[in-house]
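Whatever order the structure lists them in is the order used to number ligands and atoms, beginning at 1. Bear in mind the structure is a predicted one, so any value in this text is a computation, not a measurement.
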Amino acid sequence: MRQTLPTPPGPIGIFDSGYGGLTILSKIREILPQYDYIYLGDNARTPYGTRSYEVVYEFTLQAVSKLFEMGCHLVILACNTASAKALRTIQMNDLPHLDATRRVLGVIRPTVECIGKITLSRHIGILATSGTTRSKSYPLEVHKLFPDIKVSSQECPLWVPLVENNEAHSDGADYFVRKYIDQLMQQDPQIDTIVLGCTHYPLLMPKIEKYVPQGVRIVAQGEYVAHSLKEYLNRHPEMDRKCTRGGRCMYRTTEAEEKFTESASTFLKEPIRVERISLDF
Ligand code: DGL
């Protein structure tokens with residue numbers, strides 16, 4: 001009788017459409033430095049935020065399958081668009097066929113869980129990609145946990161291209177950063193908490209802080225996602241045992257290696273080595 005050998009432990013996979021997930025990876029590595037990680041950025045096909053459900057799902061499933069193939073037992077979708085449009089289907093329909101023992105987690109739920117403790121006015125704003133905004137995932141998740149909170153959402157279609165094209169600190173970026181923040185605040189001036197519902201947006205933080213009205217709190221997700229992962233691993237020792245510990249991080253991109261190395265090194269403030277891979281099977 002043929003027996004399948006159990007897959008050996010492996011690194012934790014962190015996936016994003018581009019550089020944005022690096023903001024999550026940095027926080028995760030700060031809080032959980034002992035584990036090994038593989039970061040995968042689908043930079044060749046970014047942005048995901050303006051793509052249809054079908055396409056975001058197809059691309060995300062390809063990325064998850066690749067990370068499983070590379071030995072990951074646990075994959076974090078460090079991308080709100082993929083979490084909004086693909087996570088549930090992958091968890092419900094694909095995992096049972098791919099490998100029912102592996103897990104894929106997203107970033108929306110851990111972010112929403114913290115909101116109730118932060119807002120005092122109970123009026124919050126979400127800045128996100130068009131895809132995440134139109135999926136209504138944030139208001140739906142917030143109302144499941146905190147039905148009393150009023151949620152206003154604003155899509156910011158030009159913010160991801162600014163980051164991906166290394167324009168986050170340029171003078172030209174100010175116009176679009178201010179525009180979307182003003183539009184959000186006009187929807188509801190009582191907002192006291194703004195969630196950056198896209199993992200690329202913390203890379204625009206100096207400009208965002210400049211235009212958010214005084215007294216309004218800005219929530220970046222990294223810290224909350226990292227703490228939630230820590231709790232998840234504590235609650236699931238069987239998964240914890242499948243995550244290797246060595247403090248290493250490997251980087252993979254679907255774009256040219258030089259381009260990723262240059263941009264990612266600026267965001268991470270440390271030199272990295274990256275390998276190009278293809279996700280088209
Ligand atoms: N960083 C991603 C997010 O959190 C996706 C941005 C994009 O590719 O549009 O939504």
Crowding at CZ, Arg178 (>12 non-hydrogen neighbours, <6.0 Å):
no

Establish, from distance only, whether the side-chain atoms of Gln190 and Ser121 form a donor-acceptor pair under 3.5 Å.
no

Considering only the protein, which heavy-atom contact is closest to atom 3 (C) of ligand 1, and what is its distance?
Asn80 N, 3.2 Å

Heteroatom proximity flag, Thr199 to ligand 1, N/O under 3.5 Å
yes

Option with minimal heavy-atom separation from atom 8 (O) of ligand 1, where the choices are Ser17, Pro157, Gly49
Ser17

Identity and distance of the protein heavy atom lying nearest atom 1 (N) of ligand 1
His200 ND1, 2.6 Å

Identify, by atom number and element, the atoms of ligand 1 in contact range of Cys79, meaning under 4.0 Å from any of its heavy atoms.
2 (C), 3 (C), 4 (O), 5 (C), 10 (O)

Within ligand 1, which atoms have a heavy atom of Thr129 less than 4.0 Å away?
6 (C), 9 (O), 10 (O)

Short side-chain donor-acceptor distance under 3.5 Å, Tyr57 and Asp94
yes

Residue, atom and distance of the protein heavy atom nearest atom 7 (C) of ligand 1 read Tyr48 N, 3.3 Å

If only side-chain N and O atoms count, and only distance matters, is there a donor-acceptor pair under 3.5 Å linking Asp240 with Tyr35?
yes

How does Val107 reach ligand 1, if at all, at less than 4.0 Å between non-hydrogen atoms: by side chain, backbone, both, or neither?
neither

For Ala173, is there any backbone N or O sitting under 3.5 Å from a side-chain donor or acceptor partner on Glu167?
no

In Å and rounded to the nearest 0.5 Å, what is the CD1 to CG distance from Ile208 to Leu127?
7.0 Å

Numbered in order shown, the ligand 1 atoms found under 4.0 Å of a heavy atom of Pro47 are 7 (C), 8 (O), 9 (O)

Donor-acceptor pair between Asp16 and Tyr48 side chains, under 3.5 angstrom:
no

Enumerate the atoms of ligand 1 whose separation from the nearest heavy atom of Thr46 is less than 4.0 angstrom.
8 (O)

Regarding Gln221 and Asn80, is there a side-chain donor-to-acceptor distance under 3.5 Å anywhere?
yes

Closest protein heavy atom (residue, atom, distance) for atom 10 (O) of ligand 1
Thr81 OG1, 2.7 Å

